[in-house]
K.L.:
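Have a look at this one.
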Amino acid sequence: MSRAFLGAALAASLVALPFGAGAQSKMVIKASDVHPPGYPNIVAMENMGKKLEKETNGRLTMQMYHSMQLGGEKEMIEQAQVGALQIARVSVGALGPIVDDLNVFNMPFIFRDENHMRKVIDGPIGAELLEKVTASPARLVGLGWMDAGTRNVYAAKPITKPADLKGLKVRMMGNPIFVETMNAMGGNGVAMGYNELYSALQTHVVDGAENNPPSMLTANHYQVVKVYSLTGHLIIPEMFVFSKATWDKLSREDQTLVKKHSREAQMEQRERWDKYTAEAEAKLKAAGVQFVAADKEAFFKATQPIRDKYGAKYAALQKRILDTK
């Protein structure tokens, strides 16, 4: 009787043992991204995995699933919510419909430039929004931010003013703010998954898209459209989130360790991003892509109705963003 009781108690204690409490508590952290190997996000996340493995003597390891192996951003978020994967690197555009406060970053021309955006996400506003993700019912833990540069329109012809977009179907991320932003800019916004875009450009389902130079290059969109117009309408940071289902199984020490290395990954990705973007622009130009200046002031004025419509409930936060120097 006593041996049976002791055996049952021991089994229960082992089941309840938190990760990090014993050598047997190994975990493979599955991380995912839509981008290919060598992309700044991927490298920064892989290096984070190496640090975790070293500091836990192999108890925590990371397996990186790149190149949309686990689907697009929507699928990755859904898998993280149920614990099928642990880390998903996704655009704030994709998270906005889930955690509403993030939509403040999704408004056109909310940031003066990339440097302004970095100061915002590195400071108290960035920390507060990560906490809001964690506190939301989304079953995700906000770990850190990543750069995604400035988004510009690319098509078969120059887009220098709103009138140039008339009649053009332009792919946007699946968030009403983005579709309406493109409509306000003069085009027809079409919500579409990133994984569908190359064939849509090829078959003229859409006439153009908007993104940063590295994405235009690595997704081979430059093979189909050859003019990159510097509209600068969106500067949207990205976020990497951890599955709440798995997070709750980590020990407090391991949670602290993951957060520490997340901040380091945030800063490493940025350094790599700047270099990668410069290289991408050079490669695009070498491949015959024409970079064209655009009238940003005209696009700013055209998109004011979007900021008026969506920005009202973020008025205080917008002011704090604007006041960030």
Side-chain angles (χ1 to χ4, degrees), residues 13-73 75-91 95 121-122 126-127 130-131 133-134 138-148 214 218 237-276:
S13 71
L14 286 172
V15 170
L17 203 63
F19 286 96
Q24 78 287 347
S25 306
K26 289 193 173 185
M27 178 190 285
V28 177
I29 296 170
K30 290 169 67 178
S32 62
D33 201 304
V34 299
H35 294 299
Y39 205 85
N41 311 7
I42 306 282
V43 178
M45 197 57 65
E46 287 173 337
N47 287 340
M48 175 179 164
K50 288 173 186 171
K51 291 175 186 176
L52 287 171
E53 183 172 358
K54 183 179 179 183
E55 289 195 36
T56 62
N57 293 316
R59 189 168 43 75
L60 296 181
T61 56
M62 186 182 291
Q63 175 65 50
M64 188 76 219
Y65 293 86
H66 52 73
S67 310
M68 295 185 273
Q69 291 177 59
L70 301 181
E73 294 191 342
E75 291 79 18
M76 284 158 41
I77 290 169
E78 290 167 353
Q79 289 171 64
Q81 287 175 318
V82 298
L85 67 85
Q86 281 64 56
I87 297 178
R89 196 287 313 150
V90 291
S91 171
L95 280 170
I121 61 173
D122 287 350
L130 287 175
E131 279 305 312
V133 171
T134 304
R139 305 192 303 284
L140 299 169
V141 174
L143 287 186
W145 300 94
M146 288 191 174
D147 274 39
T218 58
E238 298 182 335
M239 187 181 280
F240 52 111
V241 293
F242 203 96
S243 168
K244 185 78 162 57
T246 309
W247 186 258
D248 290 343
K249 295 174 185 173
L250 289 171
S251 69
R252 191 72 59 85
E253 293 77 17
D254 283 349
Q255 289 176 351
T256 300
L257 198 59
V258 170
K259 283 194 170 181
K260 173 194 164 193
H261 290 309
S262 293
R263 182 69 173 194
E264 291 171 6
Q266 176 172 321
M267 305 317 285
E268 179 186 343
Q269 187 266 355
R270 177 173 306 169
E271 285 183 32
R272 292 180 178 279
W273 177 262
D274 288 342
K275 186 180 176 192
Y276 197 80

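Index from 1, following the sequence. These numbers come from the heavy atoms of this one structure, side chains and all, not from hydrogens, waters or symmetry mates.
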K.L.:
Got more than 12 heavy atoms from elsewhere within 6.0 Å of CD, E271?
P.N.:
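No, the 6.0 Å shell around CD holds no more than 12 heavy atoms from other groups.
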K.L.:
Determine whether L130 and V241 satisfy the following criterion, side-chain contact (heavy atoms from CB on, under 4.5 Å), listing intermediate values before the conclusion.
P.N.:
CA-CA 9 Å; L130 287 175; V241 293; over 6 Å; no
K.L.:
Ignoring hydrogens and geometry, is there a side-chain-to-backbone donor-acceptor pair from T134 to G142 under 3.5 Å?
P.N.:
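Looks like yes, one N/O pair under 3.5 Å.
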K.L.:
Only counting residues at least two apart or in another chain, list the ones meeting side-chain contact (heavy atoms from CB on, under 4.5 Å) with E78.
P.N.:
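Applying side-chain contact (heavy atoms from CB on, under 4.5 Å) to E78 gives K74, Q81.
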K.L.:
Taking it one step at a time, do Y39 and T218 satisfy side-chain contact (heavy atoms from CB on, under 4.5 Å)?
P.N.:
CA-CA 9 Å; Y39 205 85; T218 58; 4.0 Å; yes
K.L.:
Going by the side-chain contact (heavy atoms from CB on, under 4.5 Å) test, name the single residue among E268, Q269, M62 that passes it with N47.
P.N.:
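Checked E268, Q269, M62 against N47; only one passes side-chain contact (heavy atoms from CB on, under 4.5 Å): E268.
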K.L.:
Can you see which heavy atom on M76 is nearest to which on V34, and at what distance?
P.N.:
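Residues M76 and V34, closest heavy atoms: SD-CG1, 4.0 Å.
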K.L.:
Decide whether D122 and Q266 meet the rule of one side-chain donor and one side-chain acceptor closer than 3.5 Å.
P.N.:
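There is such a pair (donor and acceptor under 3.5 Å, judged by atom type) between the side chains of D122 and Q266.
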K.L.:
Would you call H66 and H35 a side-chain contact if the rule is heavy atoms closer than 4.5 Å?
P.N.:
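Answer no - side chains too far apart.
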K.L.:
Please list, chain by chain and in numerical order, all residues satisfying side-chain contact (heavy atoms from CB on, under 4.5 Å) with E53, sequence neighbours excluded.
P.N.:
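Testing E53 for side-chain contact (heavy atoms from CB on, under 4.5 Å), a comparison that skips the adjacent residues, returns T61.
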K.L.:
Is there a donor-acceptor pair under 3.5 Å between the side chain of E73 and the backbone N or O of S91?
P.N.:
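Between the backbone of S91 and the side chain of E73 there is a qualifying donor-acceptor contact (under 3.5 Å).
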K.L.:
Kindly indicate, with the supporting measurements, whether the criterion side-chain contact (heavy atoms from CB on, under 4.5 Å) is fulfilled by V258 and M48.
P.N.:
CA-CA 8 Å; V258 170; M48 175 179 164; 3.9 Å; yes
K.L.:
Do the charged groups of K244 and D248 touch, with an N to O distance under 4.0 Å?
P.N.:
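A salt bridge is present here (some side-chain N lies under 4.0 Å from a carboxylate O).
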